[in-house]
Structures are given as structure tokens and as C-alpha cells.
Amino acid sequence: MRIVLHVDLDAFYASLEEIRNKSIKGKPVVICVYSGRSPDSGAVSTSNYKARELGIKAGIPISFAKRIAKDKEVVFLPVDMEYYRSVSDRIMELLEEEADTIEQVSIDEAYLDVTKRTSVNWNEAQKIAKKIKVKIKHHEGLTCSVGIGPNKLIAKMASGHKKPKGLTVITDTDVINFFEKFPVSKIHGIGDKTTKSLNDLGIQTANDLANYNIDALERIFGKNKAKIFQEKAKGIDESPVEQGEIQQISRIGTLNEDTDNIEIIFEKIKELSIDLQKKIKKKAVDFRTISIIAIDTELKTHSRSETLQQTDLIDENLITVRKLLQKFFEENPGKKLRRIGIKVSNLLKKKKQKSLGDFYS
DNA sequence: CGACGTGTAAC
DNA sequence: CCTTTTACACGTCG
């Protein structure tokens, strides 16, 4: 038996902006990723709860958000990842002190295994959660939501149950009750497509999924996924709280206009490569596979990749990148691209100790 | 089996 | 009208 905490910082980016500029505190705040094609092109990265009440939430186009915000006082700001990253790093260090092991899953979320230090005592775990909340508030002025469960899946879903500023405990004996009429769409790891497929089978709730004929599920989703889905539906998740090795690093950007001009696209790739190269150095890794990621005008993603000799230099392989680009257009004549990216994978870490902060910086 | 390309999901 | 980054599963091919 384990006890796992999931800590989720509330409206992280927006809260940081409110701290940085007190004059916007209490107003709807929208953090945007501007793509640069036109003054309002791009998407909403995140927003605070005031803005969410208006319907302005992550993922919607900035132009939509501005239409909603019309004749209302809504603050629009561009993302400032460096700032958010630096605060995130400090918070992750605070969390490290409270866990046996920690796993950072994104800039504003982490799992903490507290099994040993609580001796599997749920009250002790709750005390740690409260202490974490006080520490984060005291050091950074931020609030967070915490979920406590017997594994990562339950902890994650618990933290989502009440937010912002939530604290939800789902002990092993609570799991069945908590899950009973949970819609499958709300199970972590089951997204839009899977939900539709499941609904087509008459599966609506976690319970429906848990009790469904496994062979039928396997025929549709494959052996592996069928098993994982059904375990999730039962609240089972044996995956440990541990920071895995990084698998890939990529950079992607939006082109100023849709184009099939290799020169223009290649220029953009070179631009993105500078940033990617920095990251490769910082992580102290070599790579063996290099890819281009091409997103066409219908927002469909394509990729072309090649595996080469171990290296840590993008520049020396730009010839290959260009070749991949040419290959793509030979295979997709006339197709225009909206966005382009470059990715390295097949990573081999060089002999240098990585700190937790290195992972998502 | 490794390499490659696509789809799904989450942030 | 439509951002960014990462992980992982799966099918196919040689």
C-alpha cells in the first residue's frame, strides 16, 4: 500500500502575473501564446478563474477570447515562460523536501510519494499536504490543490475534484465509492476519441468500463490499451512515482503564412534549432534521431525522421533536416504548411548528474 | 528487432 | 479561428 500526493498549482501562470502586477489582481486575466501571424492570432495558454467564468479558457483562439471580453475589463498578457519556470523550479525544491520521491509532470504539477515518511498513515499524509500549502503560500504567494490517493491516478483525480485551493483524500477504501458513477471522459488518460468509442459500446461510467467484456475491448483498442483502460476504471495504477529519463526534445513554431516554400520553412527551422541546441547542451544529451514535424493547413501533423550517428550538434545535421523537408514535399506535392518543428530523440545522456530542475527547464 | 510514421492524450 | 511540448502505443516495413 502506498500514499501518493498530487500537487497542482492553481491557475499558475495567471496567478504569477497577478503577483507581479498587483493592479490586475481580482480582474479576469488571460495568458496568451501569440503566433505572430496577425495581431490577435494564437491561442489562450491559460486563464485565471475570473476569466474562466466568462468562458475564456485554455486552448481557445485569442480572437475568440477577445470577442467574449468585448466591453469588459479583461487583462491579456503574453506568456513569460522564463519567469514561470524559475518560480516552478523553486516550488519543486520545496516539494522535494516533503517527499520520499517526487515526479514532476509539468511546470505546475508533481506527484509525491509519501509512503515511507507517513508509515502509510492517511492523517499524516493530510498534514503534509497542509504543510505544503502553507509553504507554497508563504514562499511564493501561490495556492494549490492537492489530491491524496493510493496511487498516481487516484491522487490526480482527487486533486481535480476540488479546485482551486482544494484538498481531497481518497483512501484505498474510498476508491470504489469515488469511482462508481464517474463518467469515463473524466478518467485521466481517457480523452475525446476514446470516450466516443467507449460511448458507442454503451460504456458511460467507470463502472461500465470496469465490468465490460475484456475480449471485446481488446478487439477495438488492442490488448495493451484494453488492459490499461480497465485498470484505470477500477482505480488501479501501479506506476511508481519516479522521474523518468527524458526521451525527446522539440521546438515548433508557426510560419508567418501557409507555405510550401522550402527556403522559408528551412529558415524557420534554423531559427528553432538555436533554441533546441541550447536545450540539448543544458540537458547534456546526445541524440541519434532527428525529425521534422510538419503541420499542414488542416492542422494535421506529419513527421519525417532519420537516425544517424550519435551527436549533440544540430548544425552539422541541418543537411539531413533539409533532406527530410524535401522528402516530405516530394511525398506531399502542393501541400502547404502552417507550422514547422524540429525534434531530436533516441537520446543518450552524457555522464553528468542531472538535477530535478533540469528536467523541465 | 529497430526504424519510421501516425494517433491519442495531457499540459 | 486553430499554441507548445512530451510521452507512449501501435501498425508497418525491411
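Note that these values count all heavy atoms, side chains included, but never hydrogens, waters or copies made by symmetry. Being a predicted model, the structure only gives us computed values, none of them experimental. By convention in this document, chain letters (A, B, ...) are assigned in the order of the sequence lines, proteins followed by strands, and residues within each chain are numbered from 1.
At a threshold of 4.0 angstrom between heavy atoms, the contacts of A:K66 with the nucleic acid are absent. Counting any heavy atom pair closer than 4.0 Å across all strands shown, A:K227 reaches no nucleic acid atom. Using a 4.0 Å heavy-atom distance criterion, A:K327 is classed as a sugar-phosphate-only contact. A:I190 comes within 4.0 angstrom of sugar-phosphate atoms only, judged by non-hydrogen atoms across all strands, and of no base. If you check every strand for non-hydrogen atoms under 4.0 Å, A:T254 touches sugar and phosphate atoms only. Within 4.0 Å (heavy atoms only), A:T46 reaches no atom of the nucleic acid at all. Residue-level contact check: A:Q248 touches the bases, meaning some heavy atom is under 4.0 Å from a base atom. Note on A:R67: nothing from the nucleic acid sits closer than 4.0 angstrom, heavy atoms only.
In this structure, A:L325 CG and A:K323 NZ are separated by 12.5 Å, a value rounded to the nearest 0.5 Å. Atom CD1 of A:I62 sits about 4.0 Å away from atom SG of A:C32, to the nearest 0.5 Å. The structure places CG of A:D174 at 9.5 Å from CZ of A:F178, a figure rounded to the nearest 0.5 Å. Rounding to the nearest 0.5 Å gives a distance of 13.5 Å between OH of A:Y84 and CG of A:L9.
Look at NZ on A:K282: it is 13 Å from P on C:dT5, rounded to the nearest Å. A:E257 has its CD atom 17 Å from the C1' atom of C:dC2, to the nearest Å. Nucleotide C:dA7 holds its C1' atom 15 Å from the CG atom of A:N346, rounded to whole Å. In this structure, CD1 of A:I293 is placed 11 Å from P of C:dT4, rounded to the nearest angstrom. With rounding to whole Å, A:L347 atom CG is found 11 Å from C:dT6 atom C1'. The nearest whole Å value for the distance from the CD1 atom in A:I292 to the C1' atom in C:dT5 is 18 Å. In this structure, A:M81 atom CE and C:dT6 atom P are separated by 11 Å, rounded to whole Å. A:R219 places its CZ atom 15 Å from the P atom of C:dG11, with the value rounded to the nearest Å.
The residue among A:G191 and A:T307 whose nearest nucleotide of DNA chain B lies closer to the 5′ end is A:T307. Two residues, A:R339 and A:N224, neighbour DNA chain C, and the one matched to the more 5' nucleotide by heavy-atom proximity is A:R339. Between A:F221 and A:I249, the residue anchored closer to the 5' end of DNA chain C is A:I249, taking for each the nucleotide with the nearest heavy atom.
Under 4.0 angstrom from either OP1 or OP2 of C:dT3 there lies at least one side-chain N or O belonging to A:R338. For A:S45 and C:dT3, the shortest distance from a side-chain N or O to OP1 or OP2 is not below 4.0 Å. For the OP1/OP2 pair of C:dT4 and a distance below 4.0 Å, the side-chain nitrogens and oxygens of A:K343 include no atom meeting the criterion. Close to C:dT4, at under 4.0 Å from its OP1 or OP2, lies no side-chain N or O of A:R251.
Here the range on DNA chain B touched by chain A, meaning any atom under 4.0 Å from one of its heavy atoms, is B:dA3 to B:dC11.
A:S35 and A:S41 share a donor-acceptor pair across their side chains, judged by distance under 3.5 Å alone.
Of all nucleotides listed (C:dC10, C:dT3, C:dC1), C:dC1 comes nearest to the side chain of A:F64.
Cation-pi contact between A:R304 and A:F328: absent, since separation from the ring centre below 6.0 Å together with deviation from the ring axis within 45° is not met.
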Chi angles and distances behind the side chain to side chain donor-acceptor pair (under 3.5 Å) call for A:D258, A:T297: CA-CA 7 Å; A:D258 298 346; A:T297 49; 5.2 Å; no

Intermediate values then yes/no, side chain to side chain donor-acceptor pair (under 3.5 Å), A:S239 and A:D237: CA-CA 6 Å; A:S239 65; A:D237 172 18; 2.7 Å; yes

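No donor-acceptor pair under 3.5 Å is formed between the side chain of A:D113 and the backbone N or O of A:I102.
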